[in-house]
Amino acid sequence: MALLDVRDLSIRYEPKQRPAVDAVDQLSFSIDEGEFVGLIGESGSGKTTVGMAVLRLLQRPGRISGGSITFDGTDIAHLSQDELRKYRWREISTVFQSSMNALNPVTRVEAQFADVIQCHTQLRGGEVTERIRTLFDMVLIDPKFMTAFPHELSGGMRQRINLALALAIGPRFVVLDEPTTGLDVVVQHSILENVRRLQAELGFAVLFISHDLGTVLDLSDRTMVMYAGKLAEEQATRQLLRDPLHPYTKGLLGSYGDPRAETVRITYVPGRPPDLAHRPDGCAFAARCPERIDRCAEIEPARTEAGEGLVACHVAAIQRGADGSGIEVGPPIRTFAGPQFVKSAAASAEAARGLPLVTVDDVSKTYVRRQGLRAVRTEAVSGANFVLHRGGVTALVGQSGSGKSTLARMITGVDAPTAGRITFHGSDGDQVVARMRGRRLRSYRGSVQMVFQDPYSALNPTKTLGATLARPLINFQQLHGSKLRERVIELLETVALSPGERFVNRYPHELSGGQRQRVVIARALAVEPELIVADEPISSLDVSIRAEVLELFDKLVHERNVGILYITHDLLSARMLCDEVVVLNEGKVVEQGPALDVIRSPQDDCTRLLLDAIPNPFAAARS
Amino acid sequence: MRYFARKIGFFVLTLWAVVTLNFLIPRLQPGDPAELMVQNLAGKNAQLNRAQVEAMRDLLGAPSGSLFSQYWSYLGQLAHGDLGISYTYFPYTVAEVIGKAFWWTVILVGAVQLLSFAIGILLGAFAAWRRNSRFDTSVTVISTFVGTLQPFWIALLLIYGLGYGLGWFPTAGGYEASTPGFNGAFLYDALSHAFLPALTLMIVTPIGWILGMRNTMIMNLGEDYIRLARAKGLPDRMIALRYAARNALLPSVAGFALALGGILGGTILVESVFDYPGLGRLMGEAVGIKDYPLLQGLMLLTAVATLVANLIADLLYGVLDPRARRAAA
Amino acid sequence: MSTVATETVTAPAVADRWYRVVWSSKKARVGIVVVAIYTLVALLAPVIAPYGPTDGSFTPLTGPSAQHLLGTNVAGVDVFSQVIYGSRVSLIVGLLGGLLATAIALVIGMVSGYAEGTFVDDVLTFLTNTALVIPVLPLIITLVAYSDTRGIPLIVGVIAFTSWAGAARSKRAQIITLRNRDFVTAAKFSGDGTFRIIFSEILPNMTSLVAAAFVGAATGAIGAEAGLAVLGLGSSDSVSWGTILYQADAAGAISQGLFVWVFVPGLVLAILITSMAFIIFGIDLLSNPHLRED
């Protein structure tokens, strides 16, 4: 008998002012004792809602509207909070997504272990402290931090402590809900290693919820893929890698690639998920699906056994002979037959070496923070040397805190270097970039623009796209009236938001993340800059649409001869987009060179660490 | 420690600002403040009495001289606790007059403030915890309505109902037949006189705490650490007190002193209506008969009292919230 | 290759028009209707009131009757007519006091928030915190007591200049969070100036906060005016509800059993202030979605 058995679980959100939404629709799955199961889905797929339901922590207006959740033989879906208490933490525990807020900010960490240990076990006094010490050892944190307050710990430490807390009384089942999202890649990697080791040692079962296919596939025995509130596919992880059934799974898998390969192809899923309040007839994925047949738009596919897994897709069912309708479809394909972005080694190698655009010459930046009477110096960047080329793309790669954002601030003229010199070789002659003000800064921004990490925060929610794009045109090119409008529409179409007329009067919240990011890029293009600094422009987007934005950048470079400084922690996207790579570690440039050379034969440990941190589902499949 | 030093520094600076403001207000008007005051006192068309004007100058602290030298001697007088001489209670000094009324108000307001804080926090926390229950709805609706009532109006209604109508409580003054002092008769007398003013204030003042606490508590209940505490299977009481209320209490503590300023305002009106012998009535009186030295003294005193309360609340906050100490460090 | 790459723009998923959100709250609906009625009464006072507010031609100190619904005062003026005309003072003081206080709060809060961490911010923050801890009513009383002629402009001015601090502080906090959003940096890159960024980029994002602050300030101003008038410091050239209470208290209305004289002015004041508090409830739904799901 399975440890956890979820049958036909439906979860409904019923807000007062808006139509009700079935966030999760008749979901069934089970998890065995000691099994590590991954649940993957993108934003809005309902994966976190499933986790909350299993923990019985759904909050209004959400509620379980149907089905059962059987844990160890008992249906816990409808138990009262008092009846649930004997399952909580002793049997089922969890690590939440946000490491910031999961710990009570006003009490010491120790007390937050002690209360739950004393609540569920017979341990008291010194035994409790001893237990906490053991738990800290398990997650490799010095027990001296027991008496710390949460805000005194780093994000990674907090999340390790949350993990220790989840294991405090040896549960049989742990829900990990995006446990490492938002943390530095290398830190993520080491925490997940830790999870895997502990799971093997202690033998608890895990439901691992994440948007990150790479880590899920890396860790899980079995993987479930969720789309629009339903399970699209469920297979043993190895099998899923070898033979993905659902086109959406193929789309997700297609977003990954090996940056070391001769030719890297990454696909993307165009469009966006359906609005769950108006669920389309037929398959929810049909509108974005390259393999769809007529039937997909009319009849909702049922979950069928196909091959060695379960899938909810007509085409896959027919292909695997699980459907007797006799409709003609082609043979199964392993890849996503949608749009893709391809980069070959040859293309990377022959990248044009333009003239220098920005020279960074021995640049250092030291921040001085006053702390009482002492001055605390932080060296953010020290002695950095590199050159950006006109019409070329350079990646600035490093972990968080490596100084890459500081360098970006200096190159965009927001901050001045404390030593060294940054020279911009613009079309109006050379100028030294330091902390600029007023007219000089303004004119510099006619040449150097920026694309931000989070497209949700980079667009003013109260302004239409037209109004946002008009500002740089009015300020730098003095356009007005119909000319202005024409140019705005032209910009929208440049970034593939066409026809532009349909987007001019839209507000940002009406767009998907990828569409927003394209508007941000359009705004940067408005002044026809010579350099665009893009700060992690795809890291906050859903994986399945990242390549779409990368491809747009690539197109701009080729068509407009604009130079790009691409700041990232992700060497795969660097390989796809960039001609050159500069690797930063603790403020120092540790390695630089042509993208392919750096990625294929890394010289520095830091580069190798970053390469290892790239989630690579296929590596797991090969082994 | 830096947090505490900063707060004390702020206290000293605001104290200076208040003292200076108090010095400037009467001098903001054009012309000789002394002459103006005498004119005000005597009536619009009366002949100015030079002797009175001179006396007034004496009272104001600096017979003549530059603004700066006036300021200097004003500070000097303040340092000796000299607030001038009251017109109304001549020849008593302002300090003496205030001293007599002081304890009446301090005891009334202090008791009301502490009691309403406790009641408000408890009711607010409980309403939030049992959100949307009948208890919550009635507390919220009643609070919203009662909170908008003007204290002086409640005072008038209470006088009408409990004072004249039922005759249960005296409607005016602080005591009647007994001799002030520490004896049973006087205490009983004083308490029964204080009852209606206290009741009036007790109707209004807990409201802010109730609604404030309820709001922050509801916000806190949506936080991850509360959900995690639930997932931990801790008893509800522990989640409500140690996790939710403990965090929700912080803004209320921070707002403690500000609320005191509000009560003081209400007290002026309520004491005037009840003829209660405290600072509030004194202020009402001073306004009515234009006893400017007394008015200034009272203004200064209430401001300083609020500043001190604010300092205490800030220091307490620093103890309660570990993040505050660090943020300033 | 790309077969399905059509761009779609779906119906707004988050767009709740602000008026619909406010109107969705039952409390806010009641509040808006009541305030609208008060406004009508104030505008139509000469039509509604049976007599002039200063017409002292009746028998003084009579109880309620068909001619004088609320009786007459010491000077022989019809109290009901006074109450009707009194709505004008309250609404004007509320409107102007609210506007002025909000404007001051807005300027100080926004400048200090935008200049966070600079000397300007330090000075303005200090000013705000000081104004916040000084008890308002005693300060207002002291200021008003010094002036001999007390018109409505003076009262409005004094109230506004003493009660902006709380709103300024919350605006500063809000602007600091908004200022660090990327769209503000993006506006700088688009060549917009500081002034434009504050008023065109940031301000539209805090309208609900500003609206709530305005209603709050108006409520405070109405209450403060009533308090002043009760102490006899009301406007000397018009009658407000506070003035009526002052006259009633001075005439010993309660000991004479003229209960309605005290009861009605206080009640109409309380209803007005409650309705305004209800409106704030509705506006709060805009800025705090936590409260939206009841």
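All heavy atoms count here, side chains included; hydrogens, waters and symmetry mates do not. Proteins get letters first, then strands, A, B, ... in listed order; numbering begins at 1 in each.
Within the 4.5 angstrom heavy-atom criterion, only side-chain atoms of Phe152(B), from C-beta onward, approach chain C. If you measure heavy-atom distances from Leu233(C) to chain B, the contacts under 4.5 Å come from the side chain alone. When heavy atoms are compared at a cutoff of 4.5 Å, Ala17(B) approaches chain C solely by way of its side chain, counted from C-beta outward. Proximity to chain B involves both the backbone and the side chain of Leu267(C), based on heavy atoms less than 4.5 angstrom apart. Contacts between Ala277(C) and chain B at a heavy-atom distance below 4.5 Å involve the side chain alone, from C-beta outward. Proximity to chain B (any heavy atom under 4.5 Å) is shown, for Leu139(C), by both the backbone and the side chain. Contact annotation for Leu13(B): both backbone and side-chain heavy atoms come within less than 4.5 Å of a heavy atom of chain C. Only the side chain of Ser272(B) comes within contact range of chain C, with at least one heavy atom under 4.5 Å from a heavy atom of that chain.
Proximity of Trp153(B) to Phe263(C): side-chain heavy atoms (C-beta onward) are separated by under 4.5 Å at one or more points. Between Val18(B) and Met299(B), every side-chain heavy-atom pair lies at or beyond the 4.5 Å cut-off. Considering only heavy atoms from C-beta on, Thr142(C) comes within 4.5 Å of Met283(B) through its side chain. The closest side-chain heavy-atom distance from Val268(C) to Tyr38(C) is below 4.5 Å.
Looking only at distances, a side-chain donor or acceptor of Trp164(C) sits under 3.5 Å from a matching main-chain atom of Phe161(C). In terms of modelled atom types and a separation under 3.5 Å, the side chain of Gln113(B) and the main chain of Phe256(B) share a donor-acceptor contact.
Contact count versus chain B (heavy atoms, under 4.5 Å) is highest, among Asn129(C), Ile271(C), Ile140(C), Leu127(C), for Asn129(C). Listed options Leu149(B), Ile268(B), Leu264(B) were ranked by heavy-atom pairs under 4.5 angstrom with chain C; first place goes to Ile268(B). Note on Val136(C), Leu137(C), Leu272(C): by heavy-atom pairs under 4.5 Å with chain B, the leading option is Leu137(C). Of the residues considered (Gly232(C), Ala270(C), Gly266(C)), Gly266(C) shows the highest number of contacts with chain B, using heavy-atom pairs under 4.5 Å.
Using cut-offs of 30° and 60° on the angle between ring planes, the pair Phe10(B) and Phe126(C) is perpendicular.
Electrostatic pairing of Arg6(B) and Asp314(B) does not count as a salt bridge here, judged by no charged N lying under 4.0 Å from a carboxylate O.
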